[in-house]
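Beneath this line is the structure, given in structure tokens, with notes to follow.
Reminder, nothing fancy here: chain letters follow the sequence lines and each chain counts from 1.
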Amino acid sequence: MDNADTKRDMDDRTQLNDEELDALATDFIRTAIVEDIRSGRFGGRVHTRFPPEPNGYLHIGHAKALAIDAGIAQDFGGKFNLRFDDTNPVKEEEEYVDGIVNDVRWLGWDFGDEVLFASDYFEQMYAWAEQLIGDGYAYVDDLSPDEIREYRGTLTEPGKDSPYRDRSVEENLDLFRHMRAGEFPEGARVLRAKIDMASPNLNLRDPVMYRILHQSHHRQGDAWHIYPMYDWAHGLEDSIEGITHSLCDLGYRDHRPLYDWFLDRLGIYHPQQLEFARLNMTYTVLSKRKLLQLVQGGHVQGWDDPRMPTIAGMRRRGFPAEAINDFCDRIGVSTSNSIVDVALLEHCIRDHLNESTARVMAVLDPIKVVIDNYPEGQVEWMEAENHPQHPEMGTRMVPFSREVYIDREDFIEDPPRKYYRLAPGREVRLKSAYLVTYKDIVKDVDGSIVEVHCTYDPESRGGEAPDGRKVRGTLQWVSVAHALDADIRLYDRLFLAEDPEETGEEGGFLDNLNPDSLEIISTCKVEPSLEKAKPGDRYQFMRIGYFCTDPDTTKTADEAPVRLVFNRTIALRDTWAKIQTQRP
RNA sequence: UGGGGCGUGGCCAAGUGGUAAGGCAACGGACUUUGAAUCCGUGUAUCGCACGUUCGAAUCGUGCCGCCCCAGCCA
């Protein structure tokens, strides 16, 4: 242990009693951490990190990693770092770091208000590389990339030593310094760790530590001509920051011996790497490469397209951050490759939205209902509750008049069995208003319904008849004279196949795209209280689904929106639709 | 034909030698001024397979089968 570590021990020991520790051992990683705390390893500290490369946007798989990394730090009263693993200047962009920082904040994780960058440690890494060379553990190799691949051997055959493997320390040091100075072309030489060219673990066959890249770095500019490789850099970054548990996905399991090897050779503070399975989910793809293809191929409108599984996309879609985190907690942490049913995510979304969202009335496909016995020109403002289970969310006033819109689905001239909405001979309730009874319909020349005529029961104001008679159907409605127009975007799954990659073809997942994943409806009518809707506001459109106001909703100077645009976050569960598909 | 990881009901997932938690989904029913929500109920799970150890095995051993990852100067 070095001095810095000793100091950390005194400052950052977690304060948890036995009972609390037991309660935290909920999965194999947390169990390992609890053991480390009890044994005094790392001085009882817990310090994790999330190390994205800034070469794309975060998606729900990263939300899982964050929930594990940051969630553990939070639960154990430890620390958490957000660190950009920006060791490859050719792939990384500033745009992505801003996007990622924003996403991590939005998800609610506290990274101590300081964003860290691996590139800030380049100088220290370089010094350690010289130390390794000095100890005979690293050498400069002049082999070309092709030759290095040949010399590496195959899965079943051992590799063979590079002819440059036994250069003297002096020559290695000299060459390495000239590499740093930018005196060789890209690809001419690399620094390699001297481990074992016959190792059954290919990662240990003298891995490359530094490559020459005459590229400017988004933060370092042209200061460097050599850049560290992941395997060399990552453990050093963790060590420098005093990370205790370096959590990553199973793909890095085979890299752990390397992680340990470098730290041990250097003799510096040594965190524990642990691996967990990355997230896979039905009806979507979760790899940066494929997501990039969707964006660049114009299959979606950008990284924040509401159909994307990106954090930005889900945010725009209206998914609450807490619901996403809840999902991440509920899928568990294990080491088995699994594909989580997207229905669980949808359940979490509905669960949170049901609790938090105010109810309003909207009609997607309007059909006019005329209430023949209601006085022409009269308007009554009906009080409507904002949430049936949460009276503390208050009420709002909704205008009622002689002509209202209802949804075309809510009237059928010749209804099927068990249909209990409006139909000839039926009485239904207009939510929070009156009971109305069917009288007649008006059709146009092609026979399609233009108007439904009803009468209302003046005694049923508020929706309850004094004689106590029951009606089965309750419909949402919007007063024709007061209705606001709105565009509504209905989103469906981006892919038709549960596993979009099942085609086998490379890139074949695009064949499984759902051509109807976006439907825009511009005929919608919504209640006037929505005039004040701001981008990001979320509502339940009663009997339809959860919606949020899209940033495309623009405001005029006096704050009134020019055009309301709502995204359907997710539809309400629809038992009736299920009954219908079962018995057509 | 190397190395690593994994296989528990449709999907996740507890369980670590004492006789299979929980969630999602599905299916019934109750309630309902959202066919929502809520509530109640419903699953004989050959614990990948086969042998073995044991009074007793999802848990230990051996063998087999299947799936995933690794041969970037990407992370």
Side-chain angles (χ1 to χ4, degrees), chain A residues 26-27 51-53 55 85-88 90-92 141 143-145 148-150 152-159 186-192 199-205 207-213 226-227 229-231 233-234 248-257 275 277 281-282 288 327 330-348 350-351 354-355 359 361 384-385 387-389 418-421 428-433 435 460 462-464 470-476 498 540-545 571-579:
Chain A
T26 51
D27 58 60
E53 182 185 19
N55 68 344
D85 213 353
D86 55 349
T87 57
N88 184 355
V90 321
K91 293 171 64 184
E92 296 152 8
D141 195 348
L143 254 27
S144 70
I148 285 184
R149 193 182 329 112
E150 286 167 31
R152 183 153 33 224
T154 67
L155 294 178
T156 52
E157 302 162 279
E186 287 189 10
R189 292 179 225 264
V190 291
L191 183 71
R192 290 231 251 170
S199 172
N201 180 346
L202 303 223
N203 298 117
L204 263 21
R205 320 247 261 225
V208 172
M209 296 165 62
Y210 278 96
R211 74 289 216 181
I212 298 169
L213 251 24
I226 55 173
Y227 290 90
M229 297 286 289
Y230 168 86
D231 283 314
H234 204 82
C248 57
D249 77 65
L250 248 22
Y252 294 99
R253 183 62 247 250
D254 292 343
H255 295 248
R256 189 151 108 194
E275 312 83 12
M281 200 163 59
T282 54
K288 279 185 188 171
F327 167 76
R330 293 170 71 151
I331 56 179
V333 182
S334 76
T335 52
S336 58
N337 308 316
S338 57
I339 304 173
V340 176
D341 192 338
V342 71
L344 177 57
L345 208 214
E346 294 173 345
H347 168 81
C348 295
R350 287 196 182 96
D351 204 29
N354 174 48
E355 277 301 306
R359 273 60 173 166
M361 295 197 284
E385 55 190 2
H387 190 122
Q389 280 81 41
K418 285 190 171 178
Y419 182 87
Y420 51 77
R421 279 110 99 146
V428 297
R429 172 165 37 238
L430 295 179
K431 171 81 183 172
S432 302
L435 264 28
S460 65
E464 208 103 50
K470 299 288 183 204
V471 297
R472 193 72 199 277
T474 299
L475 312 181
Q476 87 282 10
E498 213 171 275
Q540 185 199 87
F541 287 2
M542 295 198 79
R543 304 208 309 130
I544 305 174
L572 249 32
R573 287 189 59 202
D574 191 349
T575 308
W576 172 240
K578 203 176 285 180
I579 293 170

Could you tell me which residues satisfy salt bridge (charged side-chain N to carboxylate O under 4.0 Å, His left out) with A:Arg543, sequence neighbours excluded, listed by chain and number? A:Asp410
For the P atoms, the ones on B:rC69 and on B:rC64, what distance do you get once it is rounded to whole angstrom? 23 Å
Within the pair A:Thr335 and B:rC6, is there a side-chain N or O less than 4.0 Å away from OP1 or OP2? yes
Quick one: is B:rA36 close enough that its OP1 or OP2 comes under 4.0 Å of any side-chain N or O from A:Arg573? no
Closer than 4.0 Å, any side-chain N/O of A:Thr474 to the OP1 or OP2 of B:rU34? no
Report the residue from A:Thr154, A:Leu155, A:Asp254 that forms a side-chain contact (heavy atoms from CB on, under 4.5 Å) with A:Leu202. A:Leu155
Span that lies between the C1' atom of B:rG2 and that of B:rU59, in whole angstrom: 30 Å
What residues form a ring pair (Phe, Tyr, Trp, His ring centres under 6.0 Å) with A:His255, not counting sequence neighbours? A:Tyr252
Between NZ of A:Lys431 and C1' of B:rA36 the distance, given in whole Å, is 10 Å
side-chain contact (heavy atoms from CB on, under 4.5 Å) with A:Phe327: which of A:Glu346, A:Met281, A:His347? A:Met281
Restricting both atoms to N or O, compile the protein contacts to nucleotides 20-23 of chain B shorter than 3.5 Å, with distance only.
residue : atom : partner  : partner atom : Å
B:rG23  : O3'  : A:Arg330 : NH2          : 3.3
B:rG23  : O2'  : A:Arg330 : NH2          : 2.6

Measuring from A:Glu92:CD to A:Glu53:CD, what's the distance to the nearest 0.5 Å? 4.0 Å
Drop me the distance from A:Asp231's CG to A:Asn203's CG, to the nearest 0.5 angstrom. 6.0 Å
Minimum heavy-atom distance A:Asn201-A:Pro257, with the two atoms named: ND2-CG, 3.9 Å
Euclidean distance for P, B:rC11 against B:rC47 (whole angstrom): 16 Å
Atom-pair distance (NE2 on A:His387; C1' on B:rA37), nearest Å: 7 Å
Measuring only the P atom in each nucleotide, how far is B:rU16 from B:rA21? A whole number of Å is fine. 13 Å
Report the residue (A:Arg472 or A:Val333) whose heavy-atom-nearest nucleotide on RNA chain B is the more 5′ of the two. A:Val333
Looking for any heavy atom pair under 4.0 Å, which part of the strands does A:Ser432 touch: base, sugar-phosphate only, or nothing? base
Pairwise C1' distance, B:rG9 and B:rG48 [rounded to whole Å]: 14 Å
Roughly how many Å is it from CD in A:Glu385 to C1' in B:rU32, rounded to a whole number? 11 Å
Could you state the atom-to-atom distance from CZ of A:Arg421 to C1' of B:rA36 in whole Å? 12 Å
Looking at A:Pro207, is its backbone amide N or carbonyl O close enough to the side chain of A:Arg152 to form a donor-acceptor pair, meaning the two atoms are under 3.5 Å apart? no
Which value, in whole Å, describes the distance between the C1' atoms of nucleotides B:rC60 and B:rU54? 9 Å
Quick one: does any side-chain atom of A:Thr282 pair with a main-chain N or O of A:Val342 as donor and acceptor, under 3.5 Å? yes
Return yes if some donor-acceptor pair links the side-chain N/O of A:Arg205 with the main-chain N/O of A:Ser199 below 3.5 Å, else return no. yes
A:Asn354 CG - B:rC24 P separation (whole Å): 14 Å
How close or far is atom P of B:rC12 from atom CG of A:Asp341, stated in whole angstroms? 9 Å
Identify, with sequence neighbours excluded, every residue that meets salt bridge (charged side-chain N to carboxylate O under 4.0 Å, His left out) alongside A:Asp85. none
Heavy atoms only, 4.0 Å cut-off, all strands: where does A:Phe541 land among base, sugar-phosphate and nothing? nothing
Is A:Arg543 close enough to B:rG35 that one of its side-chain N or O atoms is under 4.0 Å from OP1 or OP2 there? yes
With no hydrogens and no angle check, is any side-chain donor or acceptor of A:Ser460 less than 3.5 Å from a backbone partner on A:Leu435? yes
Can you find a heavy atom in the side chain of A:Ile226 that is under 4.5 Å from one in the side chain of A:Arg189? no
Integer angstrom distance from the C1' of B:rU46 to that of B:rA30: 37 Å
One character per nucleotide, please: for nucleotides 65-75 of chain B, 5' to 3', B when the base has a protein heavy atom closer than 4.0 Å, S when only the sugar-phosphate does, - otherwise. ---SBBBSBBB
Length of the line joining A:Arg205:CZ and B:rG4:C1', which is rounded to integer Å: 14 Å
For B:rG17, glycosidic torsion class - syn if within 90° of 0, otherwise anti: anti
Within the pair A:Ser336 and B:rA13, is there a side-chain N or O less than 4.0 Å away from OP1 or OP2? yes
How many angstroms lie between CD in A:Gln476 and OG in A:Ser432, if you round to the nearest 0.5 Å? 11.5 Å
If only side-chain N and O atoms of A:Lys578 are considered, is one of them under 4.0 Å from the OP1 or OP2 phosphate oxygen of B:rA26? yes
For a quick check, tell me whether the side chain of A:Gln540 and the base of B:rU34 share a donor-acceptor pair closer than 3.5 Å. yes
Any A:Arg256 side-chain N or O less than 4.0 Å from OP1/OP2 of B:rG4: no
Using a cut-off of strictly less than 4.0 Å, decide whether A:Ser338 has a side-chain nitrogen or oxygen near OP1 or OP2 of B:rA13. yes
First of A:Thr575 and A:Thr156 reached from the 5' end of RNA chain B, by closest nucleotide: A:Thr156
Any A:Thr282 side-chain nitrogen or oxygen under 4.0 Å from OP1 or OP2 of B:rC11: no
In dot-bracket notation, what is the pairing pattern of RNA chain B, taking Watson-Crick (N1-N3 plus N6-O4 or O6-N4) and G-U wobble (N1-O2 and O6-N3) contacts under 3.5 Å, with [ ] crossing and | for other strands? .(((((((.[[[..)..(...]]].(((((.......))))).....[[[[[..)....]]]]])))))).....
Between B:rC11 atom C1' and A:Glu346 atom CD, what is the distance in whole Å? 13 Å
Roughly how many Å apart are B:rA37 and B:rC74, using the C1' atom of each and rounding to a whole number? 48 Å
